[in-house]
Q: 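So that we are looking at the same thing, I have put the structure below in structure tokens.
Counting begins at 1 with the first residue of the sequence.
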Amino acid sequence: MLKNAIKLECRKAICNPFFFLALVIGAFLTLFSLAPMAESFTQDMEQHRQFSEEFGMRNPLMQMETLFNHWIGGEGSTAGATNYFFLFPLLISIPYGWSYCSERYSGYIKNMVIRTGKTQYYVAKYTALFLSGGLAMTLPLLFNFLLAAMIFPAVTPDPSYLTAYGISGSSFLSMLFYGKPFLYVVMYLLVDFVLCGLIACLCFTVSDLVKKPIAVTLLPFFFLLAVHYFCQSFVYTEIEVMYIELSPMYFLRPIPLVYDTSWLVVLLWGILLFAATFLPAVVRRRWYEIY
């Protein structure tokens, strides 16, 4: 019964126009990163060609031109990358964040609980929301990476040019970046998938307190914005020894913009979000009276 309920909710979460809308918006934003990076790459390669013709040798700086610092997750300068990683809390909530709130006030939940039971329904709803949020975040990134792989050479990054990549030895997963960069991309997409899935589940947690589906959908965005503002305004300025990235709006980007993050920060955020979403959304709701 639980398996069927999960299948039904996942089908509703993925096969709906809001999910495709989020993917289209996300993919569109990533193109605003790819286009200027491709133009810059073309200009740089022309300069390298002129250098080779003039000096009769290969320009050593060509090693800096690689797929892994030109896709949207490897650069932090274009408007596309900035806007995507600013708006992602909205993109991950659009596909299914409104569903429980809407179903609760339409009476749909009563019919589902009769068929599946409370626990099965809430677990299925949570699973579908988690998957839709994770996919809405990572699929546009994967789309950008695959397009970028058709343009930029997949040269393994050289630590000698770490200033061109923006990833130092202390950066999160830096050993993978300079040793197995494809695995680095996969691991970072996995981190984004899990955390963004949990962030999307915040909609489920507060849907009993907020009646408007639009307000529920906007909640993760304002929550992360508040956390980001707190970190920027208080933590990094008041605690002078705090040189580690705590804001998900920054550390979910595969390239550090200000400070490096760590496994501890990522793990603690995962535990905090899971406790703040799964326990209220599934465990506590079993005792709710819905009739």
Side-chain angles (χ1 to χ4, degrees), residues 13 18-19 21-22 25-26 29 81-104 122 125-138 140-141 172 188 191-239 242 244-254 256-259 261-262 264-285:
F18 293 104
F19 181 76
L21 175 64
I25 295 175
L29 289 175
T82 300
N83 290 328
Y84 185 85
F85 286 101
F86 178 75
L87 296 174
F88 79 86
L90 291 177
L91 297 178
I92 65 178
S93 301
I94 288 174
Y96 212 47
W98 48 268
S99 64
Y100 177 78
C101 186
S102 177
E103 291 174 1
R104 182 187 179 198
Y122 291 133
K125 180 65 69 176
Y126 185 91
T127 302
L129 187 52
F130 174 83
L131 290 176
S132 66
L135 289 174
M137 176 63 173
T138 54
L141 295 178
F172 183 54
Y188 228 108
V191 169
D192 284 358
F193 180 90
V194 173
L195 289 185
C196 287
L198 292 174
I199 291 170
C201 289
L202 288 172
C203 299
F204 198 3
T205 303
V206 301
S207 55
D208 284 322
L209 304 176
V210 182
K211 297 182 179 180
K212 298 295 184 180
I214 295 179
V216 170
T217 304
L218 291 173
L219 175 86
F221 174 72
F222 288 114
F223 170 71
L224 291 187
L225 203 59
V227 170
H228 185 72
Y229 175 78
F230 176 79
C231 291
Q232 297 295 320
S233 301
F234 299 100
V235 176
Y236 302 144
T237 57
E238 299 296 333
I239 307 177
M242 182 64 71
I244 186 169
E245 188 57 68
L246 302 176
S247 171
M249 297 191 81
Y250 270 4
F251 75 68
L252 288 178
R253 301 181 69 150
L257 290 186
V258 182
Y259 303 115
T261 191
S262 68
L264 180 60
V265 172
V266 174
L267 184 61
L268 288 177
W269 264 106
I271 294 173
L272 175 64
L273 288 170
F274 181 78
T277 55
F278 186 82
L279 296 181
V282 177
V283 178
R284 190 164 61 90
R285 274 198 174 96

Q: Decide yes or no for Val265 and Ser262: does some side-chain heavy atom of the first lie under 4.5 Å from some side-chain heavy atom of the second?
A: yes
Q: So which heavy atom on Leu29 is nearest to which on Leu87, and how close?
A: CD1-CD1, 4.2 Å
Q: Centres of the Phe172 and Tyr188 rings: under 6.0 Å?
A: yes
Q: When rounded to the nearest 0.5 angstrom, what distance separates OG1 in Thr82 from CZ in Arg253?
A: 5.0 Å
Q: Heavy-atom distance under 4.5 Å between the side chains of Leu218 and Leu90, does that happen here?
A: yes
Q: Do the side chains of Leu198 and Trp269 get nearer than 4.5 Å, heavy atoms only?
A: no
Q: In the structure I gave you, are the side-chain heavy atoms of Phe278 and Leu273 within less than 4.5 Å of one another anywhere?
A: no
Q: Working to the nearest 0.5 angstrom, can you tell me the gap between Leu135 CG and Leu91 CG?
A: 13.0 Å
Q: Compare all side-chain heavy atoms of Tyr259 with those of Tyr250 and state whether any distance is below 4.5 angstrom.
A: no
Q: Aromatic rings Tyr126 and Phe274: how do their planes relate, parallel, tilted or perpendicular, breaks at 30° and 60°?
A: perpendicular
Q: Just verifying a value: how many Å separate Ile92 CD1 and Cys203 SG, rounded to the nearest 0.5 Å?
A: 7.5 Å
Q: Any sub-3.5 Å donor-acceptor pair from Thr205's side-chain atoms to Ala276's backbone N or O?
A: yes
Q: If I take atom SG from residue Cys201 and atom CG from residue Leu131, how far apart are they, to the nearest 0.5 angstrom?
A: 9.0 Å
Q: How would you list, by chain and number, every residue that makes a ring pair (Phe, Tyr, Trp, His ring centres under 6.0 Å) with Phe222, sequence neighbours excluded?
A: none
Q: Just to verify, which of Leu224, Thr277, Val194 counts as forming a side chain to side chain contact (heavy atoms under 4.5 Å, CB included) with Ile199?
A: Leu224
Q: The criterion is side-chain contact (heavy atoms from CB on, under 4.5 Å); which residues satisfy it with Pro140, sequence neighbours excluded?
A: Leu23, Thr30, Tyr84
Q: Grab the two heavy atoms, one from Phe19 and one from Ala136, that are nearest each other, plus how far apart they are.
A: CE1-N, 4.3 Å
Q: Does the gap between the ring centers of Phe86 and Phe221 come in under 6.0 Å?
A: yes
Q: Does Leu267 CG have over 12 foreign heavy atoms under 6.0 Å away?
A: yes
Q: State the OH-NZ distance between Tyr96 and Lys125, to the nearest 0.5 angstrom.
A: 3.0 Å
Q: What pair of heavy atoms forms the shortest contact from Phe251 to Leu246, and how long is it?
A: CE2-O, 3.4 Å
Q: Is the shortest heavy-atom distance from the side chain of Pro254 to the side chain of Phe85 under 4.5 Å?
A: yes
Q: Which heavy atom in Ala22 sits nearest to a heavy atom in Pro95, and how many Å separate them?
A: CB-CG, 3.9 Å
Q: Could you state the interatomic distance from OG (Ser93) to CG (Leu129), rounded to the nearest 0.5 Å?
A: 7.5 Å
Q: So Pro248 and Leu195, do their side chains get closer than 4.5 Å, heavy atoms only?
A: no
